[in-house]
Amino acid sequence: MRKTIDKMLFTTLVVLMSVMVLNVLWQVASRYLVRSPSAFTDELARYLLIWVGLLGASYVSGKKMHLAIDILPSKMAGKGARNLNIFIHLLMALFAFFVMVWGGIKLVYITLTLDQTSASLGIPLGYVYTVLPLSGLLIIFYSLVNLTEKEEDPEEIGREMA
């Protein structure tokens, strides 16, 4: 299941990033070549950046490549390191649940209830903000999966490479 979600998330990120690059290229071209900048490109680029940033954070969280301060974990070994790893993953899951999922659902609900729409595109802002609870759920999923996976021993990795 993890590999399927990884692949879907990676593909989604590639598509969103490609659309964002094409959108910004059109924005620049329409501004300098046509002398009539497109009205929607700035707003679309902003919303695509939000989606790429939050879904990208979920993806790197699943790959264990997220930004981390490893001063304490690098000095620990054995059971202490394992307990710290469990604590970190549970803390990430709790943050993702309360801030991203719960807070995100409230934000989506409020913006849809108030019928807020974007200025240029005219789409409901609640649709733009759905990425917040979605990425929170993905971070929770990856945190729980990372908790259940066996930790790789650096010495064992070195033996496999030899």
Side-chain angles (χ1 to χ4, degrees), residues 1-74 84-85 87-149 152:
M1 185 171 168
R2 178 189 183 129
K3 287 184 181 185
T4 305
I5 292 175
D6 281 347
K7 189 171 184 167
M8 286 176 22
L9 192 52
F10 180 79
T11 304
T12 302
L13 285 166
V14 167
V15 168
L16 289 174
M17 192 69 182
S18 300
V19 170
M20 188 167 61
V21 167
L22 292 173
N23 178 60
V24 171
L25 283 173
W26 173 249
Q27 182 180 35
V28 171
S30 69
R31 182 180 301 138
Y32 291 109
L33 299 177
V34 185
R35 302 266 188 234
S36 176
S38 293
F40 72 92
T41 52
D42 183 45
E43 194 170 270
L44 182 59
R46 188 178 318 126
Y47 295 152
L48 287 171
L49 185 62
I50 292 169
W51 276 70
V52 167
L54 287 169
L55 290 177
S58 302
Y59 182 74
V60 297
S61 157
K63 296 290 183 185
K64 297 180 185 176
M65 296 178 352
H66 50 77
L67 184 63
I69 299 172
D70 64 348
I71 295 170
L72 193 57
S74 64
L84 181 61
N85 189 40
F87 176 72
I88 289 169
H89 284 293
L90 288 176
L91 204 59
M92 282 176 46
L94 285 171
F95 173 83
F97 176 75
F98 285 112
V99 174
M100 298 177 80
V101 176
W102 191 20
I105 288 172
K106 289 170 108 176
L107 179 65
V108 169
Y109 175 75
I110 289 169
T111 54
L112 288 175
T113 302
L114 295 175
D115 201 31
Q116 293 180 344
T117 57
S118 66
S120 298
L121 296 171
I123 59 172
L125 285 177
Y127 295 162
V128 175
Y129 298 144
T130 55
V131 71
L132 198 55
L134 176 63
S135 61
L137 289 171
L138 287 167
I139 289 173
I140 292 168
F141 169 76
Y142 283 128
S143 293
L144 296 177
V145 167
N146 289 340
L147 271 177
T148 60
E149 285 181 343
E152 295 180 7

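The residues of the chain are indexed from 1 along the displayed sequence. This one's a predicted model, so the numbers in the text were calculated from it and none came from an experiment.
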- Pairwise distance CD1(Ile139) to CG(Leu144) - rounded to 0.5 angstrom: 12.0 Å
- Task: Check whether any side-chain heavy atom of Leu90 lies under 4.5 Å from a side-chain heavy atom of Leu147, and answer yes or no.
- Result: yes
- Message: Going by the rule side chain to side chain donor-acceptor pair (under 3.5 Å), which residues pair with Tyr129 if we only count those two or more places apart in sequence or in a different chain?
- Response: none
- Are more than 12 heavy atoms from other residues, nucleotides or ligands located less than 6.0 Å from atom OH of Tyr127? no
- How many angstroms lie between CG in Asn85 and CD in Glu149, if you round to the nearest 0.5 Å? 10.5 Å
- Would the number of heavy atoms belonging to other residues, nucleotides or ligands and lying under 6.0 Å from CE of Met17 be above 12? no
- Item | Separation of Met100 CE from Ile140 CD1 (nearest 0.5 Å) | 9.0 Å
- Summary of side chain to side chain donor-acceptor pair (under 3.5 Å) pairs that have at least one residue in residues 114-125, sequence neighbours excluded: Glu43-Ser118
- Message: Once salt bridge (charged side-chain N to carboxylate O under 4.0 Å, His left out) is applied, do any residues pair with Lys106, and if so which ones, sequence neighbours excluded?
- Response: none
- Note on the structure: Taken to the nearest 0.5 Å, the spacing of Leu22 CG from Gln27 CD works out to 13.0 Å
Without placing hydrogens or testing angles, list every side-chain donor-acceptor pair under 3.5 Å for residues 3-16, not counting sequence neighbours.
residue	atom	partner	partner atom	Å
Asp6	OD1	Tyr142	OH	2.4
Thr11	OG1	Lys7	O	2.8
Thr12	OG1	Met8	O	2.8

- Looking only at heavy atoms, which two atoms of Leu132 and Gly104 are closest? And how far apart? CD2-CA, 3.7 Å
Listed pairs under 3.5 Å, donor-acceptor, residues 107-114 side chains, sequence neighbours left out:
residue	atom	partner	partner atom	Å
Thr111	OG1	Leu107	O	3.0
Thr111	OG1	Val108	O	3.1
Thr111	OG1	Gly126	N	3.4
Thr113	OG1	Tyr109	O	2.7

Under 3.5 Å, sequence neighbours excluded: what are the donor-acceptor pairs made by side chains of residues 47-61?
residue	atom	partner	partner atom	Å
Trp51	NE1	Val128	O	3.0
Ser58	OG	Leu54	O	3.2
Ser58	OG	Ser135	O	3.1

